[in-house]
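Structure, as structure tokens:
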Amino acid sequence: MNKPEFDKFADEYNQVLGETIPDALNEDVYFAEYKIALMASRLKGKKITRILDFGCGAGRSLQFMKNYFPDSEIWGYDVSPESLKVASSQLPEALLFSDWSTLGDIQFDAIIAANVFHHITVAERLPALVLCRKSLSAEGQMFMFEHNPYNPMTRWIFERCPFDTDAEMLNLSTALDLARKAGYASEQHSYTLFFPKQLAFLRKLEPWLKRLPLGAQYYVQMAG
Ligand SMILES: C[S@@+](CC[C@H](N)C(=O)[O-])C[C@H]1O[C@@H](n2cnc3c(N)ncnc32)[C@H](O)[C@@H]1O
């Protein structure tokens, strides 16, 4: 669980990602923002005092978290200290840490893990998800966003991405099984990212497609 293998990609994380995704499909900002926008809409009306980006990496989501949750404390955790240095430049006020044991009794009203669990070894995924559950407040919500291995374009990019050589994608049913085993009392889920930017006008239809296993990613929202 403590392998900081992303240290070596920290400085050029965004550049490598940009080079891996074909130009016709790449929407750097949209890919980072849509997860936070979706999470914000799912949490509408809830008081979010403290929010954690679990596996925040180079901090691509942090500024969006600040924009969508302006009154919340923004925290970021990652096993890669070098990535945290880059993340700190994205949002200097974010509270970043790489040693979970320093957290003490701090609890979060929301935690997001965006494209992190496929980098955690199969054996370490359940303990990581339990760790998140134990750090949620009573009404706290956990969001896991992951690549959908059934989407051919996702597979194509995954197989070419230098970050992903040691990674292993998990499908939605594996993620749901993990959520249950980790002790979450309830979950909701949906496939996402069905349309490339050329068909962006169709994205408003995505909520009706949520059960169709063709989106490039999916999320699982867990509570309890
Ligand atoms: C593909 S990057 C995603 C970074 C960020 N969430 C984003 O959306 O840009 C995966 C990140 O997960 C981190 N990571 C891997 N194993 C982890 C673990 N057990 N706990 C926390 N972070 C981990 C890596 O260091 C890396 O920064």
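Both ligands and their constituent atoms are indexed starting at 1 by order of listing. All values below come from the heavy atoms of this structure, side chains included, with hydrogens, waters and symmetry mates left out. Throughout, numbering of the chain's residues begins at 1 and tracks the sequence.
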Original post:
Under 3.5 Å between some N or O of ligand 1 and some N or O of Val116?
Top reply: no
Original post:
Has Lys210 got more than 12 heavy atoms of other residues, nucleotides or ligands less than 6.0 Å from its NZ?
Top reply: no
**OP:** Could you tell me whether a side-chain N or O of Tyr77 sits under 3.5 Å from a main-chain N or O of Leu96, the two making a donor and an acceptor?
**Re:** no
Subject >> Sequence neighbours excluded - side-chain hydrogen bond (donor to acceptor under 3.5 Å, both in side chains) pairs with any residue from residues 197-206 >> reply: Glu27-Arg203
Subject >> contact_flag Phe163 ligand 1 heavy-atom lt 4.0 Å >> reply: no
Subject >> Heavy-atom nearest neighbour of atom 18 (C) of ligand 1 within options Asp7, Leu17, Val79 >> reply: Val79
Subject >> Atoms in ligand 1 with a heavy atom of Asn115 nearer than 4.0 Å >> reply: 1 (C), 3 (C), 10 (C)
**OP:** Could you say whether the N/O atoms of Ala114 and ligand 1 ever approach to under 3.5 Å?
**Re:** yes
Subject >> Numbered atoms and elements of ligand 1 in range of Ser80, under 4.0 angstrom, heavy atoms >> reply: 25 (O)
Subject >> Check: Phe194 ring centre within less than 6.0 Å of Trp208 ring centre >> reply: no
**OP:** Could you tell me whether the side chains of Asn171 and Thr174 share a donor-acceptor contact shorter than 3.5 Å?
**Re:** yes
Original post:
Do any N/O atoms on Asp53 end up under 3.5 angstrom from N/O atoms on ligand 1?
Top reply: no
**OP:** Run the salt-bridge test on Arg60 and Asp28 with the 4.0 Å N-O cut-off and return the result as yes or no.
**Re:** yes
Original post:
Considering only heavy atoms of Arg60, which atoms of ligand 1 have at least one such atom less than 4.0 Å away?
Top reply: 9 (O)
Original post:
Does Phe145 have a heavy atom less than 4.0 Å from any atom of ligand 1?
Top reply: no
Original post:
Cys56 near ligand 1, heavy-atom distance under 4.0 Å?
Top reply: yes
Subject >> Under 4.5 Å side-chain linkage, directly or through intermediates, the cluster mates of Val86 >> reply: none
Subject >> Centroid-centroid distance, Tyr218 to Phe145, less than 6.0 Å >> reply: no
**OP:** Pull out every atom of ligand 1 sitting under 4.0 Å from any heavy atom of Phe54, numbered as shown with elements.
**Re:** 20 (N), 21 (C)
Subject >> Element-labelled atoms of ligand 1 that are located less than 4.0 Å from some non-hydrogen atom of Tyr77 >> reply: 20 (N), 21 (C)
